[in-house]
Amino acid sequence: MPYMPRNRPVPASVLGLVLVYAMIAPGGALASGAQDATTSNDAVVDTGPADAAPAPIPAPKVSGIDGPLELDDITEVTVANLKEWSATNDPAKLVPFIDGRSIRGNYPEEVHPHEGRIYFHLKITPESKEHWTDLLGAPDGLRRPVRFSIGLEGHAPFESVHDKANPVLMTVISPVFGATAALVASLTLILFIRLARSTSIIREPGAAPADGSPKAYNLGRTQMAFWFFLIYVSYLVIWLITDMLDTITPSLLGLMGISAGTALSEALIDSSKDSAHSQRRWDLSAERRELEKTVADLRLQRAEPDADPAASPEEIARRDGLDGKIQEAQKRLVQAAHRSSSLDPKKPARATRGFLRDVMADRDGYSFHRFQIFAWTIVLGIMFVSCVYNSLAMPEFSATLLGLMGLSSGTYIGFKFPERQE
C-alpha cells in the first residue's frame, strides 16, 4: 500500500483556480447575475413603447369670419385644427358665442371638418332669446362691435382672433331695409301731419266755423291716432331688427280697442246730439206747416161772412171768433218760425284755440276728465317706447293697467253727454 502523507496543505494556487471556475461556470453566481441583468435590460427595452403617452390633439381656434354677422343670415366661420378636434368630438353640437355667451340651440347648418369651415344660420331660439335681446336691444347705430367665437354648449368657447382687442362688427339693422322702412314710416307720418292740419281727420265733426278758422282738435280721435302710430312704428322697428312678425300682444289689442271705443263713443254722442237737434228742427217745421194750413183755412172761413152785408149777430160773433183764432195761430206761427231760425241746419264746430287747449278743454273751459285721459295716454306711451327700445318687444300691459285706462276713457265719455255744443 503506497504511502499517503497526512494533513498536507492544499496549495493556494489550486484554491484560486477552483473559486474562479465556480464563479464563471454556467450555473455559477456570477453567470446567473449577468444573465439576470441581461434579461432585465431586455425586458425594459421591450416594454418601452407600450408605456409611451399619445401625442396631444392641437386645440381648435377661430381664425376668421366670412360673410356678414347678422341675425337671420348665413355666417361662415373658419376654424383651425377643426379636423383633428372633430376626430374625437361632435362638431354638429357647436354653437356661436357672441360677447362670451352661447347662442343656445343655434347649431351649424353645415360642417366641413377637412376644410375647417362651419356655416351658421344665426336665428333667435327660445333658449337664446334673452341673449339676443341684450345684444340687439337699445341700439345706438346700425352696427355694434362684439366678440365672436364658437364652442360646445356648457363649455368654454374656442380661442378666437375676434377677441376683445379685435372685435367684429355685427349688423343690428340692415342699412337697405332700415332706410326703406324709415322712408315708409316718414312718408306716412308726413302725410298724416298734412291731413291733420288741413282736414278733419282728427278734428271735431261738424261744419267749419263761420269765420273760416280751422276746427278744434278732437281728443278721442287724437288718442286713437297716437296709439296707431306708436304701434305702427314699433312693429316696423322690431321686424327690422329681429325679423319677427307675430309681435302684437293681446294687451295691445285691448289698448287699441279702448282708444277706438273712446273715439267711437264720442262720435255717437255727438251724432245723437245732432240727431236730437235735427229732430227738433223737423218737429218745428211740421208745426209751422200745420199752423200755416190752419191760418189759411181760418181765413177762408173768415172771408164768407164778409161777403154778406146784412150779417146777423150770430154771424158777427162767429166772425169775431175766427179772427181770434187767426190771430192766435199767427202768433204761434211767428214763435215756431223764431225757434226754427235759432236752430242752424248744420251746427258749426268749435274753432281751434291751440292743440293742448282743444284736447283738454270744451266750450266751458278746461276739464279734469279730459286732462286725466290725456295724462295717462302720455304715461303709457312713454312706457311703451321704453319697452320696445330696450327689449325689442311689444309691452304686455296688465289687466289692472288696462282697466285704469278704460276707467279714464269711461269717465271722459260720461262727462261728454252734458257738454254743451252750442
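A pairwise comparison of heavy atoms in S200 and R221 identifies O-NH1, 3.2 Å as the closest pair. Of all heavy-atom pairs spanning R203 and R197, the tightest one is NH2-O, 3.4 Å. For M394 against I231, the heavy-atom pair with the smallest separation is CE-O, 3.8 Å. For the residue pair S86 and P91, the shortest heavy atom distance occurs at OG-CG, 3.7 Å. Contact record, L236 with A181: CD1-O, 4.2 Å, taken as the closest heavy-atom pair. Nearest approach of V388 to P395, heavy atoms of both residues: CG2-CD, 4.3 Å.
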For this session: Apply side-chain contact (heavy atoms from CB on, under 4.5 Å) to the pair L94 and Y107, showing each step before the final yes or no.
Result: CA-CA 6 Å; L94 293 171; Y107 301 113; over 6 Å; no
For this session: Decide yes or no on side-chain contact (heavy atoms from CB on, under 4.5 Å) for M224 and I202, but give the supporting numbers first.
Result: CA-CA 9 Å; M224 187 168 61; I202 58 171; over 6 Å; no
Problem set entry | Step-by-step side-chain contact (heavy atoms from CB on, under 4.5 Å) determination, L142 to T171 | CA-CA 6 Å; L142 298 179; T171 301; 5.9 Å; no
For this session: Could you walk me through whether L82 and W85 pass the side-chain contact (heavy atoms from CB on, under 4.5 Å) test, one step at a time?
Result: CA-CA 5 Å; L82 179 62; W85 183 85; 4.2 Å; yes
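Atoms CG and OG, on L264 and S259 in that order, are 11.0 Å from each other to the nearest 0.5 Å. With values rounded to the nearest 0.5 angstrom, I373 atom CD1 is found 12.5 Å from M360 atom CE. Interatomic distance, CD1 of I150 versus CZ of F158, reported as 5.5 Å (0.5 Å rounding). Atom OG1 of T247 sits about 11.5 Å away from atom CH2 of W239, to the nearest 0.5 Å. In this structure, OG1 in T377 is found 6.5 Å from CH2 in W227, a value given to the nearest 0.5 Å. Distance check: L404 CG to L380 CG gives 7.5 Å after rounding to the nearest 0.5 Å.
Within a 6.0 Å sphere centred on CZ of F371, heavy atoms belonging to other residues, nucleotides or ligands number 12 at most. Summarising the local packing, CD of E115 is surrounded by more than 12 heavy atoms from other residues, nucleotides or ligands at distances under 6.0 Å.
With hydrogens and angles left out, the side-chain atoms of H121 and D73 include no donor and acceptor closer than 3.5 Å. With hydrogens and angles left out, the side-chain atoms of S160 and S149 include no donor and acceptor closer than 3.5 Å. No hydrogens or angles considered: a donor-acceptor pair under 3.5 Å links the side chains of T249 and S251.
In this structure, the side chains of L169 and L69 stay at 4.5 Å or more apart for every pair of heavy atoms.
Ring orientation note: the planes of F415 and H369 are close to parallel, at an angle under 30° on the 30°/60° scale. Ring pair Y232/F228 is parallel by interplanar angle, where below 30° counts as parallel and above 60° as perpendicular.
The backbone N or O of D99 sits nowhere less than 3.5 Å from a side-chain atom of H131 that would complete a donor-acceptor pair. In this structure, R370 contributes its side chain and V359 its backbone to a donor-acceptor pair below 3.5 Å. In this structure, R144 contributes its side chain and L135 its backbone to a donor-acceptor pair below 3.5 Å. A donor-acceptor contact shorter than 3.5 Å is absent between the side chain of S386 and the backbone of M383. Using modelled atom types, no side-chain atom of D358 and backbone atom of T352 make a donor-acceptor pair closer than 3.5 Å. A donor-acceptor pair under 3.5 Å links the side-chain atoms of W132 to the main chain of K123, judged by distance alone. For the pair S128 (side chain) and I124 (backbone), a donor-acceptor distance under 3.5 Å is absent. A side-chain donor-acceptor contact under 3.5 Å links T125 to the backbone of R104. Side chain of Y389 to backbone of P139: a donor-acceptor contact under 3.5 angstrom is found. The closest donor-acceptor contact from the side chain of E153 to the backbone of G105 lies under 3.5 Å.
Exactly one of N106, T75, V62 qualifies for a side chain to side chain contact (heavy atoms under 4.5 Å, CB included) with P96. That residue is N106.
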